[in-house]
Protein chains: 2
Amino acid sequence: MADINSSSAKIRTAGQDGAGAADDVREPDLDFELIELLFFAYRDFVSDPDTILAEYGFGRAHHRVLHFVNRNPGITVTELLDILKITKQSLGRVLKQLVESGFIEQQTGSFDRRQRLLFATTAGHDLAIRLAAPQSHRILAALEKLPAGSEAAARDFLLQLVNDTERAEVRRLTAKR
Amino acid sequence: MADINSSSAKIRTAGQDGAGAADDVREPDLDFELIELLFFAYRDFVSDPDTILAEYGFGRAHHRVLHFVNRNPGITVTELLDILKITKQSLGRVLKQLVESGFIEQQTGSFDRRQRLLFATTAGHDLAIRLAAPQSHRILAALEKLPAGSEAAARDFLLQLVNDTERAEVRRLTAKR
DNA sequence: AATTTATGTCAGCCATATTGACTTATTTCG
DNA sequence: CGAAATAAGTCAATATGGCTGACATAAATT
């Protein structure tokens with residue numbers, strides 16, 4: 001293997017040139033710590049259900065859809081799209097698979113017959129609970145190691161991270177029960 | 001459009017049948033609230049840099065690679081794979097693009113000449129900062145609305161969400177400066 | 001009656017991830 | 001020294017989950 005970059009151009013190094021703080025790597029006004037912790041926490045948090053999902057040939061997209069349908073019985077397709085922030089086509093594929101495999105059922109709306117209200121079947125509910133369990137255990141295990149009030153603090157922090165325009169809706173969806 | 005599911009099978013509904021709490025939707029032992037808040041917070045948090053990335057034809061994968069290279073000058077490919085938890089092939093593609101477009105440079109390791117140490121170029125550093133800025137602003141704006149101590153509480157909570165096996169390493173990577 | 005809305009679907013494309021096998025260079029170890 | 005292990009790069013094939021744009025149908029609204 002030949003050497004790479006033997007004539008090194010302008011790269012940034014971590015000091016050690018004895019010239020003082022001229023090439024300081026720190027960027028003190030940016031909260032890298034929380035940026036990275038959000039990445040690492042989410043990385044491990046979403047990986048929990050993967051082995052369960054693999055049993056059914058499902059992916060994380062199926063998980064998200066099933067979760068919010070189970071939690072919001074009778075939700076419409078449009079409402080689901082607003083939550084997931086994906087396109088109709090992207091949702092359509094996984095939703096169809098969940099319906100065909102018997103985890104979600106559709107009912108024509110009684111007020112507005114254009115709507116297809118979505119419900120988890122018993123199997124869908126059971127699977128949603130199985131998928132939520134390891135994530136919930138991870139959260140509760142974390143909170144057990146932290147002082148009282150940490151759950152409320154975490155809730156408040158995460159809610160404030162949500163877009164201003166979405167916060168009321170997210171509060172409604174998450175805090176209702 | 002024909003009706004769907006006119007002969008409805010076993011679906012779960014949200015009460016309203018006058019039969020009491022027999023089909024209660026709540027699952028009191030699962031922390032759905034924090035599960036969902038993590039989803040919503042992360043959904044909006046990672047969307048911040050998208051428009052900047054689109055300027056360069058990059059995606060979120062490029063962002064993650066550039067971020068951790070910029071923050072860890074001289075990181076090896078193996079270390080980067082451990083952080084991102086993706087395969088060598090997945091990393092290879094985006095890393096190659098970042099090198100070819102001049103945001104990351106490689107240097108042969110001096111101790112171990114098999115290694116390719118990764119560094120952000122000046123352009124890479126500048127882009128990494130541009131990408132981190134809206135995420136950091138989102139975090140700081142959230143913390144401004146919350147009581148003192150919320151930053152430490154958020155940090156502690158997120159760190160505890162990380163896998164036990166990874167926590168020490170994540171602490172080392174994030175808390176170092 | 002015309003328009004808007006909710007949903008579904010087609011065709012195609014792109015980004016990002018996977019596995020498994022294999023190569024090269026280099027280091028480490030017996 | 002020679003064998004084995006390691007770091008990195010690459011190949012081919014495949015899957016998932018996003019996207020756009022266009023179009024169709026049914027039903028509600030104006």
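Naming: A, B, ... by sequence-line order, numbering from 1 per chain.
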>> With the threshold set at under 4.0 Å for non-hydrogen atoms, list the residues of residues 75-83 of chain B touching DNA chain D in residue-number order.
In response: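 Within this stretch, T76(B), V77(B), T78(B) sit under 4.0 Å of the strand.
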Rounding to a whole Å, what distance do you find between [X]:[atom1] and [N]:[atom2]?
X	N	atom1	atom2	result
R114(B)	dA7(D)	CZ	C1'	6 Å
D112(B)	dA5(D)	CG	P	17 Å
Q115(A)	dT7(C)	CD	P	5 Å
L117(B)	dT26(C)	CG	P	14 Å
L84(B)	dT18(C)	CG	P	10 Å
Q107(A)	dT7(C)	CD	P	14 Å
Q106(B)	dA8(D)	CD	P	10 Å

>> The criterion is side-chain hydrogen bond (donor to acceptor under 3.5 Å, both in side chains); which residues satisfy it with K88(A), sequence neighbours excluded?
In response: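 If we apply the side-chain hydrogen bond (donor to acceptor under 3.5 Å, both in side chains) test to K88(A), skipping adjacent residues, there are no hits.
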>> For V99(A), give me all partners under side-chain contact (heavy atoms from CB on, under 4.5 Å), at least two apart in sequence or on another chain.
In response: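 With sequence neighbours excluded, V99(A) shows a side-chain contact (heavy atoms from CB on, under 4.5 Å) to L95(A), I104(A), Q106(A), given in chain and number order.
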> Quick one: what's the B/S/- string for nucleotides 12-21 of chain D, heavy-atom cutoff under 4.0 Å, read 5' to 3'?
Replying inline: -----BBBBB
>> Going by side chain to side chain donor-acceptor pair (under 3.5 Å), name the pairs with one or both residues in residues 45-55 of chain A, residues two or more places apart or in two chains.
In response: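 Checked against side chain to side chain donor-acceptor pair (under 3.5 Å) - neighbours excluded - the pairs reaching residues 45-55 of chain A are D48(A)-R138(A), D50(A)-R60(A), E55(A)-R130(A).
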>> For S110(A) and G92(B), find the nucleotide of DNA chain D closest to each by heavy atoms; which residue's nucleotide sits nearer the 5' end?
In response: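 It is G92(B), whose closest nucleotide lies nearer the 5' terminus.
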>> For the aromatic rings, using the six-membered ring if either is Trp, is the centroid distance between F157(B) and F157(A) under 6.0 Å?
In response: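 Judged by ring-centre distance (under 6.0 Å), F157(B) and F157(A) do not meet the cut-off.
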Would you please name every residue forming a ring-ring contact (aromatic ring centres under 6.0 Å, His included) with [X], sequence neighbours left out?
X	answer
H67(A)	F32(B)
F103(A)	Y56(A), F58(A)
Y42(A)	Y42(B)

>> Under the ring pair (Phe, Tyr, Trp, His ring centres under 6.0 Å) definition, can you give me all pairs with a residue in residues 133-152 of chain B, not counting sequence neighbours?
In response: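 Every pair satisfying ring pair (Phe, Tyr, Trp, His ring centres under 6.0 Å) with a residue in residues 133-152 of chain B: there are none.
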